[in-house]
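Okay, structure first, notes after.
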Amino acid sequence: MTAALLRVEDLRVGFAAPGGTVRAVDGVSFAVDAGEIVGLVGESGSGKSVTLRAITRLLRRTATVSGRAEWRGRDLLALPERALRAVRGREIATIFQEPMAALNPVLTIGEQIEESLAAHGGLDRRARRARAVELLGLVGIASGAQRLRSYPHEFSGGMRQRATIAIALAAQPMLLLADEPTTALDVTIQDQILKLLTRLSAELGMAMVLVTHDLGVVAETCARVCVMYAGRVVEAGPVGTVFARPRHAYTAALLRSMPQGGAARQPLVPIPGQPPRLDQAIPGCPFAPRCGFVEARCWTDAPPFSQVAPAQWAACWAAERVGAC
Amino acid sequence: MMYRVIGRLPAPLLAGAAILLALLLCAAAPGTVAPYDPLAFDYAALLQPPGRAHLFGTDQFGRDILSRTVAAAAIDLQIAVLATVGPLLIGTVVGLLVGYYGGIADAVFGRLVDLVVTFPFLVLVIAIVAVLGPGLGNMYVAITAVGWVFYARLMRSEVLVLRGQDYVSACKVLGYGQARILLRHVLPNAARPVIVYWMTDMALAILLGSSLGYLGLGAQPPAAEWGVLIADGKNLFTQAWWIAVFPGFAIVLAGIGFSLVGDGVADLLDVKR
């Protein structure tokens, strides 16, 4: 086993709120190997985006963050601001959900790509221009030389997301953190962007953490998946195994609530209830109130995150029974 | 080429610029526009109504109102610029820093704003001028001391919105330095309302300068300043309305000029136009 590129250990993020501290992320651990694509799935409020933002220290100062985010042997959470800045962009790049909001409206696409190059590269002006055209080509925007002069509002949603990807790629990062990169786009464009990201990851040997609420997106792009619920990782493993034989009741319920490609006309089974409030401590398993496999100990004891199959971990007391169905 | 550039500019900007250019010409070379010496007495032509010899009439000393109004343009344009540049620069910098970094500085700034807006603007300025002594220089100091707060408040509220924007986060995750983020990404996006406010503030500064001149706290007689000219004419208003009315028109004209330019600049700065 190679040493992981990024190893997140026991990450906790709390936000002070009137009713007490909201535990948005509650002991999340996962690792990303070089060149690997890892999916972080969960419903809204499960803490997936906060996890991502905590790793690059993008959260407001009001958030209390603890745990470790080890990047090539250095803890990002303890790094001085200067050293952190050297890692950001150059080694770890991030793309966001809303491509319009992620681009500065008063600068042209070219200026923004070239700025990213200038901040990290040290290329001269002409080389930067050439590289910017090259980057636009890489993300599938043709006639880049003219497109460089366009402003973000002159681009379509899909092209904007391609442009943000080009900016992120400028410094040739080793890891790309993608926070729901396709959620704001329509379905056909979603597919194009996902294909683009997987292709870039393979071609450039760039690892990727893909945050999404869409299991279909994970199935299409990721090698491994971490399923999050109520600020914790409840199940992790290779995408094929987790989807074929989930060992956590939540993952199983999530998969049943989605249309399956093969089996036609099967009724979908929604998950009843709502995710728990995170401003009070949850004694047992956070999914217990909505769970079809619930046992007595689920209410009182938090299930340990343990290995349930080769390379597959789950935090579920009923892992055996879930896996058997 | 030149013609095509002008053709693409917004119409209000062109109209406003034309007015301001005319005023600038009056200010730079009053002799080319004004027929008489603005300070020369003419006892043969006291309180003449507007006519062929004196287009805007004369005052109680026989001074030509047109010449005095034109001569006053220099001081009033100077007021428009000097009374607003200080507040603009100080306010922009303070608003940018306070809005972006927040914290204790922001809390202190908030109380300072409360303190300043509690008093009417004019009262505060008059109080400061009264302490420092009348005159244009002290008037600039007083207006700057109070006026920057409004620019800073405007800037701060813009920056507060912007600092939560994804592209500012994107700059951070790209590893950009703080100076780069502030000057290149936050400032240009926050500047538009401030610049527009600046333009209207120039018009307001002329009115303010005129008010203070009228009260005898700004420009001192016999210097011609529109507010001073109106003050001169107020006692004679029933017999000689032209003494006060024509400088008043000049103030209105300058105000319209600055406002139109402000509108036009707002249009120009809107990239999505």
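Numbers restart at 1 for each chain; the letters A, B, ... are given by sequence-line order, proteins then strands.
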Would you mind checking which part of [X] comes under 4.5 Å of any heavy atom in chain B, side chain (CB onward), backbone (N, CA, C, O), both or neither?
{"X": "Ile92(A)", "result": "backbone"}
{"X": "Arg61(A)", "result": "side chain"}
{"X": "Ala171(A)", "result": "neither"}
{"X": "Thr56(A)", "result": "side chain"}
{"X": "Gln112(A)", "result": "backbone"}
{"X": "Leu58(A)", "result": "side chain"}

Could you check whether any side-chain N or O of [X] sits under 3.5 Å from a backbone N or O of [Y], counting only pairs where one atom can act as donor and the other as acceptor?
{"X": "Lys48(A)", "Y": "Val211(A)", "result": "no"}
{"X": "Arg57(A)", "Y": "Leu76(A)", "result": "yes"}
{"X": "Gln190(A)", "Y": "Leu185(A)", "result": "yes"}
{"X": "Ser259(B)", "Y": "Gly255(B)", "result": "yes"}
{"X": "Asp263(B)", "Y": "Leu13(B)", "result": "no"}
{"X": "Arg162(A)", "Y": "Val139(A)", "result": "yes"}

Any [X] side-chain heavy atom under 4.5 Å of [Y] side chain:
{"X": "Thr212(A)", "Y": "Leu40(A)", "answer": "no"}
{"X": "Tyr167(B)", "Y": "Met100(A)", "answer": "no"}
{"X": "Leu79(A)", "Y": "Asp75(A)", "answer": "no"}
{"X": "Met208(A)", "Y": "Val38(A)", "answer": "no"}
{"X": "Tyr151(A)", "Y": "Leu107(A)", "answer": "no"}
{"X": "Ser66(A)", "Y": "Leu11(A)", "answer": "no"}

If you count heavy-atom pairs within less than 4.5 Å of chain B, which of [options] leads?
{"options": "Ala101(A), Ser116(A), Pro152(A), Ala170(A)", "value": "Ala101(A)"}
{"options": "Arg82(A), Glu81(A), Gln97(A), His120(A)", "value": "His120(A)"}
{"options": "Glu111(A), Glu154(A), Glu115(A)", "value": "Glu115(A)"}
{"options": "Leu177(A), Thr94(A), Val87(A)", "value": "Thr94(A)"}

Would Arg90(A) and Gln172(A) count as a side-chain hydrogen bond (donor to acceptor under 3.5 Å, both in side chains) if you check the C-alpha gap in whole Å, the side-chain angles of each, and the deciding distance to 0.1 Å?
-> CA-CA 7 Å; Arg90(A) 204 164 306 180; Gln172(A) 298 175 293; over 6 Å; no
Which of [range] have a heavy atom under 4.5 Å from any heavy atom of chain A?
{"range": "residues 93-108 of chain B", "result": "Tyr101(B)"}
{"range": "residues 183-204 of chain B", "result": "Arg184(B), His185(B), Pro188(B), Asn189(B)"}
{"range": "residues 153-166 of chain B", "result": "Arg163(B), Gly164(B), Gln165(B), Asp166(B)"}

Determine, for Glu98(A) against Arg160(A), whether the closest basic-nitrogen to carboxylate-oxygen distance falls under 4.0 angstrom.
-> no
Before accepting this row, confirm whether a basic side-chain N of the pair Arg125(A)/Glu114(A) lies closer than 4.0 Å to the acidic partner's carboxylate O.
-> no
Side chain to side chain contact (heavy atoms under 4.5 Å, CB included) filter on Leu59(A), not counting sequence neighbours, yields Val13(A), Phe15(A), Val50(A), Arg53(A), Ala54(A), Ala63(A), Val65(A)
Anything under 30° is parallel, anything over 60° is perpendicular, the rest tilted; go ahead and classify Phe150(B) against Phe121(B).
-> perpendicular
Crowded around Gln178(B) CD? As in, over 12 foreign heavy atoms under 6.0 Å?
-> no
